[in-house]
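A quick write-up on the structure given underneath.
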Number of protein chains: 2
Amino acid sequence: MSKPTTRDLAAAAGVSLATVDRVLNGRDGVRAKTIEKVNAAIHDIGFVRDQTAATLARKRFYYFVFVLPDRQDEFLSLIVSSVAEAGRALRHERVTARTLRVPTNDPHSVVQALGALARDGVDGVAVMAPETPQTRDAIQRVRDQGIAVVTFVADQPNAARDRFIGINDVDAGRTAATLIGRFCGAAPGTVLVIAETIQSRDSLDRRHGFDAVVQQDFPHLHASPTIETYADSARTERVLSNALAATPDLRAIYLMSSASAAALSALDAHGVAPDCVVIAHELTSLTRQSLISGRLSAVITQDIGHLVRSALRVLRAKAENAPTVESQERIRIEILLEANLPRLEETPEVSG
Amino acid sequence: MSKPTTRDLAAAAGVSLATVDRVLNGRDGVRAKTIEKVNAAIHDIGFVRDQTAATLARKRFYYFVFVLPDRQDEFLSLIVSSVAEAGRALRHERVTARTLRVPTNDPHSVVQALGALARDGVDGVAVMAPETPQTRDAIQRVRDQGIAVVTFVADQPNAARDRFIGINDVDAGRTAATLIGRFCGAAPGTVLVIAETIQSRDSLDRRHGFDAVVQQDFPHLHASPTIETYADSARTERVLSNALAATPDLRAIYLMSSASAAALSALDAHGVAPDCVVIAHELTSLTRQSLISGRLSAVITQDIGHLVRSALRVLRAKAENAPTVESQERIRIEILLEANLPRLEETPEVSG
DNA sequence: TTGTAAGCGTTATCAT
DNA sequence: ATGATAACGCTTACAA
């Protein structure tokens, strides 16, 4: 026999389809006793609802929004195009995905963006923004409105989000330190640590993991204080140039932020020693190129397509009140060398 | 307006639902002229069929089989449980997945297993077996019977499979060489290369990539001829012990096969120098443990869950004649250090 | 060669 | 508080 349907369930419980549906979806207007009966029958015949049929019958469209920083770097534009691509692929599964850029460093903007969601009929949101008391509250309010919320790439551990989609930044920092330590060998020297800003949680976490491993496993290396670039290329050029001049025993450089373009070109301009180990985050056309040219020794990254699809799957599952397969949603900290760089496909698109 | 349906399409083309369906599914019994009309209308109104509704209406169940080697190692049992898990998750999406263990080194057994598929009503098969003329022909026959075929983990490039699900082994070998080269530093020495057998394509490919990188980027290292263990622990113990004794300048060991248990325990027994770089393939409880203990420097792996889900998605898409999202099906060559080891979850199961 | 109508397993709108 | 019954968008006998 094939899987039991709602009809079988209705028969088994001695009620109508409508009542079964009410119980299944927790709608009210059913006597406690009837609920019992139905639940017993569910258990009895091993009923599990067919999600696809449910989605079809609901004739409902889901609308998801990614709230992302408005800063312009390649990592973010890759996310944006990945959302667009996923949106295209899901258009025919009743899902719409949009992207909303806001100055996420201004909590007020984030709060405002989140506040507008309910009015726009949004079913779920993925937020990439630093945690502040204001955003925390806003997330709480959004969820109270029945909208699913995941934090995306940057977690807000104290916010009432449904889930975080991204990697553990402490481990990412530990990974960077391990690579640098092992690539550098036994000779002592200094590692320059460069970040856009040290204010963000991900920078702090990565730095924390990084330092822990350097101290414990590679005590002969000395990690510099974090040099902040403020995403300003003139400043990047200046601070980097100073730092390089002041570091005769330079062995390695850790570019901690996802936007490493400015730093990378400043490095190129200065002509750092070729055996200087350089590690950056996130796979972009620039880091790919640098890996191939040998300027970068390794890149630590998270698969953007996976990130976006995972967020969408989780949001949808929440919206439909359906289960998720946990093992599929774990985002991995990937290490990329020139040797295991994913090959660029002609058409990274939908194909039949 | 919402997306156009088959009804809209029928209206636009001035035909009935049935005719639309015939055209959509390439069934015959439609005049060329009518097909034209429908196709024009499809283009006109931008029709795209709703896959979920189609699957529901087809009231068809899909049955997929994984043909796997019957050899008992942890990598394979992880695949088996992953298939079981995915099967459980897909039970309610009209998909059944089973696993079939055969002595894949015997082409005849593989041919026989593949031959039985059609009789069992299988809709698609994932095959992990070495390529031989016999298996190649068998795959051709299976496809001629309308069954979708993917090669799995081990490709058969010359077979008429629909697709290969797995990593590029040449790149995997290059990755191993890069890690070993960079972890070893500048001092010369020997790298021991150990494999179950050198006969398999994946061993050959990995070895090929490995040698290319060692020669080009790390000429001060010398890679030993491949030492074969034949998956026999007594033999492993013996050949490894001989090799270690004969290699005073040992710097690194590359365990090229997915089953490294025997070699790893032989290494433990012999007490290799702690700074000897050891790299293995595939994440198992043993390699995880060895990474944590420091016995292994790195593990090169492919995500088993991803592998299995990808195979299932592709087989299903073929069976339903639906498109796939390419970017989702690219299997990555992952590098795992202790620092980026995926955390073990309490329940790697389905959760709500 | 083409069309009509009855489902697929849910949900939603009415009645009762 | 509960039950018929008509959708949802597609496929599939069975007719014509």
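No hydrogens, no waters, no symmetry mates; every other heavy atom, side chains included, goes into these values. Chain letters run A, B, ... following the sequence lines, proteins first and then strands; every chain starts at 1.
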- A/Arg94 or A/Gly14: which one's nearest nucleotide on DNA chain D is closer to the 5' end? A/Gly14

- Task: Sequence neighbours left out, what passes side chain to side chain donor-acceptor pair (under 3.5 Å) with A/Arg101? Give chain and number order.
- Result: none

- Nearest 0.5 Å please: distance from the OH atom of A/Tyr62 over to the CD atom of A/Glu93. 12.0 Å

- Residues in side chain to side chain donor-acceptor pair (under 3.5 Å) contact with B/Thr34, at least two apart in sequence or another chain: none

List the atom pairs, donor and acceptor, that lie under 3.5 Å between side-chain atoms in residues 44-54 of chain B and the rest of the protein, sequence neighbours left out.
| residue | atom | partner | partner atom | Å |
| --- | --- | --- | --- | --- |
| B/Arg49 | NH2 | B/Asn25 | OD1 | 2.6 |
| B/Asp50 | OD1 | B/Thr52 | N | 2.9 |
| B/Asp50 | OD1 | B/Thr52 | OG1 | 2.7 |
| B/Asp50 | OD1 | B/Ala53 | N | 3.1 |
| B/Asp50 | OD2 | A/Arg94 | NH1 | 2.6 |
| B/Asp50 | OD2 | A/Arg94 | NH2 | 3.1 |

- Query: Nucleotide range of DNA chain C contacted by chain A, 5' to 3', under 4.0 Å to a heavy atom?
  - Reply: C/dG9 to C/dA12

- Message: Which is more 5' along DNA chain C, the nucleotide nearest A/Val48 or the one nearest B/Arg7? Just name the residue.
- Response: B/Arg7

- Partners meeting ring-ring contact (aromatic ring centres under 6.0 Å, His included) with B/Phe66 (sequence neighbours left out): B/Phe152

- Item | Electrostatic pair B/Lys318-B/Asp123, nearest N-O below 4.0 angstrom | no

- Nucleic acid contacts - residues 49-60 of chain B versus DNA chain D, non-hydrogen atoms under 4.0 Å: B/Arg49, B/Asp50, B/Ala53, B/Ala54, B/Ala57, B/Arg58

- Query: Who pairs with B/Thr6 by side chain to side chain donor-acceptor pair (under 3.5 Å), at least two apart in sequence or on another chain?
  - Reply: none

- Which of residues 31-39 of chain A have a heavy atom under 4.0 Å from DNA chain C? none

- So, B/Glu131 side chain and B/Asp155 main chain: donor-acceptor pair closer than 3.5 Å or not? no

- Say whether, by atom type as modelled, one donor and one acceptor occur between the side chain of A/Asp137 and the main chain of A/Gln134 under 3.5 angstrom. no

- Query: Hey, can you pull the residues of residues 19-29 of chain A with a non-hydrogen atom under 4.0 angstrom from DNA chain C?
  - Reply: A/Asp21, A/Asn25, A/Arg27

- Item | ring-ring contact (aromatic ring centres under 6.0 Å, His included) partners of A/Phe64, counting only residues at least two apart | none

I'd like a table of donor-acceptor pairs (distance under 3.5 Å, sequence neighbours excluded) in which one partner is a side-chain atom from residues 302-312 of chain B, with atom names and distances.
| residue | atom | partner | partner atom | Å |
| --- | --- | --- | --- | --- |
| B/Gln302 | NE2 | B/Glu282 | OE2 | 3.2 |
| B/Asp303 | OD1 | B/Gly305 | N | 3.2 |
| B/Asp303 | OD1 | B/His306 | N | 2.7 |
| B/Asp303 | OD2 | A/Arg332 | NH1 | 2.9 |
| B/His306 | NE2 | B/Gln328 | O | 2.9 |
| B/Ser310 | OG | B/Glu329 | OE1 | 2.6 |

- Base, sugar-phosphate, or nothing: which does B/Phe61 touch, judged by heavy atoms less than 4.0 Å apart? nothing

- Partner set under side chain to side chain donor-acceptor pair (under 3.5 Å) for A/Arg7, not counting sequence neighbours: none

- Task: Ignoring backbone atoms, establish whether B/Thr5 has a side-chain N or O less than 4.0 Å from OP1 or OP2 of D/dG9.
- Result: no

- Item | B/Thr55 OG1 to B/Arg316 CZ distance, which is reported to the nearest 0.5 Å | 5.5 Å

